[in-house]
Amino acid sequence: MATIYDLKPKFQALLRPLAARLVHAGATANAVTAAALCLSLAQGALIALMPSAHWPLLLLPLTLFVRMALNAIDGIMAKEHGQKSVAGAVLNELSDVVSDAALYLPFALIAGVNAPLVVLVVVVSLIGEMAGALGPMIGAARRYDGPFGKSDRAFGFGVLAVLLGLGLSPGSWTTLVLAAMLVLSAFTVWNRARRAVAEARA
């Protein structure tokens with residue numbers, strides 16, 4: 001099933017020169033990963049501390065785009081510039097799930113937004129990332145199957161943030177959007193687990 005993740009090769013091609021310059025300047029892939037994590041924590045803190053303010057929500061799409069760029073850059077640096085490491089792989093997986101939690105859980109603090117649904121979406125999404133990361137443990141590849149992977153979540157929450165940030169009052173529409181995210185997240189868990197097992201058996 002197609003997801004926004006399928007656009008990653010083209011996105012990486014645009015960022016490859018920047019990654020090379022960072023390596024030449026002495027930067028490391030792990031430092032870029034840590035920068036993306038810090039950015040996510042800061043953005044999440046802004047929304048959590050000011051849940052009624054509009055500007056932190058309007059800032060979220062930019063933060064998500066920069067985070068996506070940094071995640072692509074650290075992958076290029078690791079794979080194409082000899083910076084791949086076991087510690088880096090662990091940092092990358094952990095920072096992804098911590099960043100997602102930091103960025104999206106604060107939506108539960110916004111008045112009128114269905115808080116339990118927000119928490120469920122985040123929890124099931126994190127299970128989906130774990131399902132993807134289990135692939136190498138059973139002899140399969142790391143699974144990125146959709147329909148609601150990391151990039152898709154970023155798009156969904158980014159649109160939600162813009163609509164709320166522009167003054168649209170939360171209500172039944174936000175509940176419906178979150179419910180759709182939850183269903184898609186659950187299907188992603190099943191899809192990744194099923195395909196990982198099938199690949200390992202093959």
Side-chain angles (χ1 to χ4, degrees), residues 1-13 15-16 19 23 28-41 44 64 67-105 116-158 178-202:
M1 187 173 293
T3 71
I4 295 175
Y5 184 80
D6 295 331
L7 300 174
K8 185 176 180 179
K10 294 181 179 179
F11 191 48
Q12 285 180 320
L15 295 171
R16 197 160 274 115
V23 170
T28 65
N30 287 352
V32 174
T33 303
L37 174 60
C38 291
L39 175 67
S40 300
L41 292 172
L64 291 171
R67 177 200 173 196
M68 189 184 308
L70 292 173
N71 286 340
I73 289 170
D74 69 11
I76 294 170
M77 294 170 71
K79 295 174 184 176
E80 301 179 13
H81 295 276
Q83 296 191 6
K84 193 173 183 179
S85 67
V86 174
V90 172
L91 176 62
N92 187 64
E93 291 290 351
L94 289 178
S95 66
D96 274 349
V97 294
V98 171
S99 293
D100 271 15
L103 288 166
Y104 306 141
L105 281 177
L117 261 182
V118 172
V119 174
L120 280 173
V121 170
V122 173
V123 169
V124 176
S125 295
L126 298 187
I127 294 172
E129 292 308 310
M130 183 180 72
L134 283 174
M137 294 180 61
I138 60 173
R142 203 309 186 178
R143 303 302 311 186
Y144 295 99
D145 308 282
F148 208 57
K150 182 174 68 174
S151 301
D152 308 288
R153 281 195 301 278
F155 179 79
F157 275 101
L178 289 167
M181 288 184 181
L182 180 58
V183 171
L184 291 171
S185 297
F187 184 47
T188 300
V189 174
W190 177 79
N191 213 17
R192 291 183 177 183
R194 175 178 62 89
R195 294 192 177 185
V197 169
E199 182 184 348
R201 285 176 174 170

Practice item. Enter the distance from Met181:CE to Phe148:CZ here, rounded to the nearest 0.5 Å. Key: 4.5 Å
Check your understanding: Would you say the side chain of Leu182 lies within less than 4.5 Å of the side chain of Leu178, judging by non-hydrogen atoms?
Key -> no
Exercise for review: Compare every heavy atom of Asp100 with every heavy atom of Arg67, then report the nearest pair and how far apart it is.
Suggested key: NH1-OD1, 2.8 Å
Exercise for review: For Ala200 and Ala140, work out which heavy atoms get closest and say how close.
Suggested key: N-CB, 4.1 Å
Exercise for review: Measure the spacing between CG of Asn71 and CG of Leu64 and express it to the nearest 0.5 Å.
Suggested key: 10.5 Å
**Study point:** Side-chain heavy atoms of Pro147 within contact of Thr188, under 4.5 Å
**Key:** yes
Practice item. Mind jotting down which residue pairs meet the salt bridge (charged side-chain N to carboxylate O under 4.0 Å, His left out) criterion with at least one end in residues 117-143? Sequence neighbours excluded, please. Key: Glu93-Arg142, Glu129-Arg142, Glu129-Arg153, Glu129-Arg192, Arg143-Asp145, Arg143-Glu199
Check your understanding: Got Asn191 and Arg194 here, is their nearest side-chain heavy-atom distance under 4.5 Å?
Key -> yes
Check your understanding: Considering all heavy atoms of both residues, which atom of Tyr104 and which atom of Val118 are nearest to each other, and what is their separation?
Key -> O-CG1, 3.4 Å
Exercise for review: Please step through side chain to side chain contact (heavy atoms under 4.5 Å, CB included) for the pair Met68 and Ile73, ending with a clear verdict.
Suggested key: CA-CA 9 Å; Met68 189 184 308; Ile73 289 170; over 6 Å; no
Exercise for review: Rounded to the nearest 0.5 Å, what's the gap from CG on Leu91 to CG on Leu37? Could you check?
Suggested key: 7.5 Å
Review point. Taking all atoms of both residues into account, what is the closest heavy-atom pair of Ala131 and Ala193, and its distance?
Key: CB-N, 4.5 Å
Check your understanding: Can you check whether Ile76 reaches Val23 side chain to side chain, under 4.5 Å on heavy atoms?
Key -> no
Review point. Thr33 and Ser95: side-chain donor and acceptor closer than 3.5 Å?
Key: no
Review point. Between Lys79 and Asp74, is there a side-chain N and carboxylate O pair less than 4.0 Å apart?
Key: no
Practice item. Could you go through the side chain to side chain contact (heavy atoms under 4.5 Å, CB included) check for Val189 and Met130 one step at a time? Key: CA-CA 9 Å; Val189 174; Met130 183 180 72; over 6 Å; no
Check your understanding: When rounded to the nearest 0.5 angstrom, what distance separates OG in Ser125 from NZ in Lys150?
Key -> 12.5 Å
Point to revise | Under 3.5 Å donor-acceptor, Ser99 side chain and Ser40 backbone | key: no
**Study point:** 4.5 Å side-chain heavy-atom contact, Asn30 and Ser85
**Key:** yes
Study note, to complete from the structure: Taking every heavy atom of Ala101 against every heavy atom of Val122, the minimum-distance pair comes out as CA-CG1, 4.0 Å
**Study point:** Side chain to side chain, Glu80 and Arg16, heavy atoms closer than 4.5 Å
**Key:** yes
